[in-house]
Amino acid sequence: MAENTRFKLGLALGSGAARGMAHIGVLKALHEESIPIHCISGTSIGALIGVLHAAGVSPDTLARTAAELQWKQLAGLIDPVLPTSGLIDGNKVRSFIRELLPVDHFEELSIPVAVTATDIQTGEPIIIRRGNLLDALQAALAFPGIFTPVRFGERFLMDGGLCNPVPTDVALELGAEKVLGVCAIPHVEQPQETSLVTSDHLHQEDESFFNARRIETLFKDIWRGRSGGVSGLRRPTLLRVAAKSIAIMENQINDLRLQLNPPDLLLRPHLHGLTLLEFHRASEAMRAGEEEMRKYLPQLKEILAKD
């Protein structure tokens, strides 16, 4: 352990989609301060980043990979399905994660990790600690309404943020003595405007309906919406309504969860209106996470060192 560190530190990395890139900045600051991490619990994007870190992928490598993400590359990962229980099947995302992961199973990770998901039929929180990492991550990342539920044994699983947005209790179950929680869920009153361009400014590259450029355009237009009325007020679109509704629920659930199992320190990086799908703003999110962690480093060190 680092000097003056008495307690085992567990990280609870929460959900937040693109906003969750802030977790990488938190990891970077901890790594540069040589603060050891005993275990990680993760929900949704927090699960992915936590697993990659525990698999030996350095914060610098994670940061480079995230900073290089572009809309066209992300659109190429989309494998649309006829609307049933989700818009995207998720197999291309699974393949993308497989390329990033240097190991295949939980048992190969350098530190204990638990991934949280939700049984979509019963509402139960499901904690996955053993077995195939890709299966667990695909379930943890299955955002409702976008990805289809993932078959996991006799269950269908989706994003763990539906029942445990920042899994501090799970970190304690893994053996943490002190817990650092990182919440990338926006307060519901936070403005959600974006600067995305519309399809009028994009050029089609081929005639295939589901080419990357057209999918990119589709998602940008769904997210951005259309102006309504003389006031210029935008009517909420399907994706925005779904994301906003889940943000409201996650805030309520998160507040109750954190009251029951409060972390020793909770970080909530200032993400300045960054929205669900703005992965091209990953550098901003990572910077916000690093700045927030550095701001609270003295407090964290005191927590880890005091009797």
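In this text, all values refer to a predicted model and were calculated from it rather than measured experimentally.
With values rounded to the nearest 0.5 angstrom, Ile49 atom CD1 is found 7.0 Å from Leu62 atom CG. Atom CG of Asn164 is separated from atom CG of Asp159 by 11.0 Å, given to the nearest 0.5 angstrom. Distance CD/Glu173 to CZ/Arg129: 7.5 Å, rounded to 0.5 Å. With values rounded to the nearest 0.5 angstrom, Arg130 atom CZ is found 13.0 Å from His105 atom NE2. Atoms OG and NE2, on Ser15 and His23 in that order, are 7.5 Å from each other to the nearest 0.5 Å. The distance from atom CG of Asn132 to atom CZ of Phe152, rounded to the nearest 0.5 Å, is 8.0 Å.
Closest approach of Leu174 to Cys39, counting heavy atoms only: CB-SG, 3.7 Å. Taking each heavy atom of Pro149 and Phe156 in turn, the nearest pair found is CB-CB, 4.0 Å. Contact between Met158 and Thr148 at its shortest, heavy atoms only, is CE-C, 4.3 Å. For Phe106 against Val115, the heavy-atom pair with the smallest separation is CZ-CG2, 3.9 Å. In this structure, Pro269 and Ala22 approach most closely via the heavy-atom pair CG-CB, 4.0 Å.
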- Message: Leu30 vs Leu180, test: side chain to side chain contact (heavy atoms under 4.5 Å, CB included). Steps then yes/no.
- Response: CA-CA 11 Å; Leu30 292 173; Leu180 169 64; 4.2 Å; yes
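Identified under the salt bridge (charged side-chain N to carboxylate O under 4.0 Å, His left out) test for residues 36-51, with sequence neighbours left out: none. Counting only residues at least two apart or in different chains, salt bridge (charged side-chain N to carboxylate O under 4.0 Å, His left out) contacts with residues 58-67 are absent. A salt bridge (charged side-chain N to carboxylate O under 4.0 Å, His left out) check over residues 95-106, counting only residues at least two apart or in different chains, returns nothing. Among residues at least two apart or in separate chains, side-chain hydrogen bond (donor to acceptor under 3.5 Å, both in side chains) pairs with a member in residues 109-118 are Thr43-Thr116.
Judged purely by atom type and a 3.5 angstrom limit, Ser41 uses its side chain to pair as donor or acceptor with the backbone of Pro167. Distance alone, capped at 3.5 Å, is enough to place a donor-acceptor pair between the Arg257 side chain and the Cys163 backbone. The backbone N or O of Gly153 lies less than 3.5 Å from a partner atom in the side chain of Arg151, making a donor-acceptor pair. In this structure a side-chain-to-backbone donor-acceptor pair under 3.5 Å is missing from His53 to Pro59. Counting only distance, with no hydrogens or angles, the side chain of Thr168 and the backbone of Pro263 share no donor-acceptor pair below 3.5 Å. Although no hydrogens or angles enter the test, the distance criterion places no donor-acceptor pair under 3.5 Å between the side chain of Glu290 and the main chain of Ala29. Although no hydrogens or angles enter the test, the distance criterion places a donor-acceptor pair under 3.5 Å between the side chain of Arg268 and the main chain of Ile185.
If you chain together hydrophobic residues whose side chains sit under 4.5 Å apart, Val166 and Ile24 never meet in one group. Connection of Leu258 to Ile253 is not established within any shared hydrophobic cluster, with ILVMFWY side chains joined at heavy-atom distances below 4.5 Å, either directly or through further cluster members. By the criterion of side-chain heavy atoms lying less than 4.5 angstrom apart, applied directly or through intervening Ile, Leu, Val, Met, Phe, Trp or Tyr residues, Leu27 is grouped together with Val103 in one hydrophobic cluster. Criterion: ILVMFWY side-chain heavy atoms under 4.5 Å apart, direct or through other members. Under it, Ile128 and Val170 are not part of a common hydrophobic cluster. In this structure, Leu13 is a member of the same hydrophobic cluster as Ile35, with clusters built from ILVMFWY side-chain heavy atoms closer than 4.5 Å.
Qualifying side chain to side chain donor-acceptor pair (under 3.5 Å) partners for His31, counting only residues two or more places apart in sequence or in other chains: none. Partners of Asp135 by side chain to side chain donor-acceptor pair (under 3.5 Å), not counting sequence neighbours, listed by chain and number: Arg94. Listed by chain and residue number, Leu265, Tyr296, Ile303 satisfy the side-chain contact (heavy atoms from CB on, under 4.5 Å) test with Gln299 (two or more places apart in sequence, or in another chain). Remark: Glu32 pairs with Lys28, Arg294 by the salt bridge (charged side-chain N to carboxylate O under 4.0 Å, His left out) rule, at least two apart or across chains. Applying the side chain to side chain donor-acceptor pair (under 3.5 Å) test to Glu284 and every residue at least two apart in sequence or in another chain returns Arg281. Residues passing the salt bridge (charged side-chain N to carboxylate O under 4.0 Å, His left out) test with Arg155 are Asp119, Glu124, sequence neighbours excluded. Checked against side-chain contact (heavy atoms from CB on, under 4.5 Å), Ala285 has the following partners two or more places apart in sequence or in another chain: Met21, Leu271, Leu274.
Val179 belongs to a hydrophobic cluster whose remaining members, ordered by chain and number, are Leu172; membership requires side-chain heavy atoms of ILVMFWY residues under 4.5 Å apart, directly or through intermediates.
Each of Leu52, Val93, Leu101 was compared with Leu137 under the side chain to side chain contact (heavy atoms under 4.5 Å, CB included) criterion, and only Leu101 meets it.
For Glu154, the CD atom sits in a loose shell: 12 or fewer heavy atoms of surrounding residues, nucleotides or ligands are nearer than 6.0 Å.
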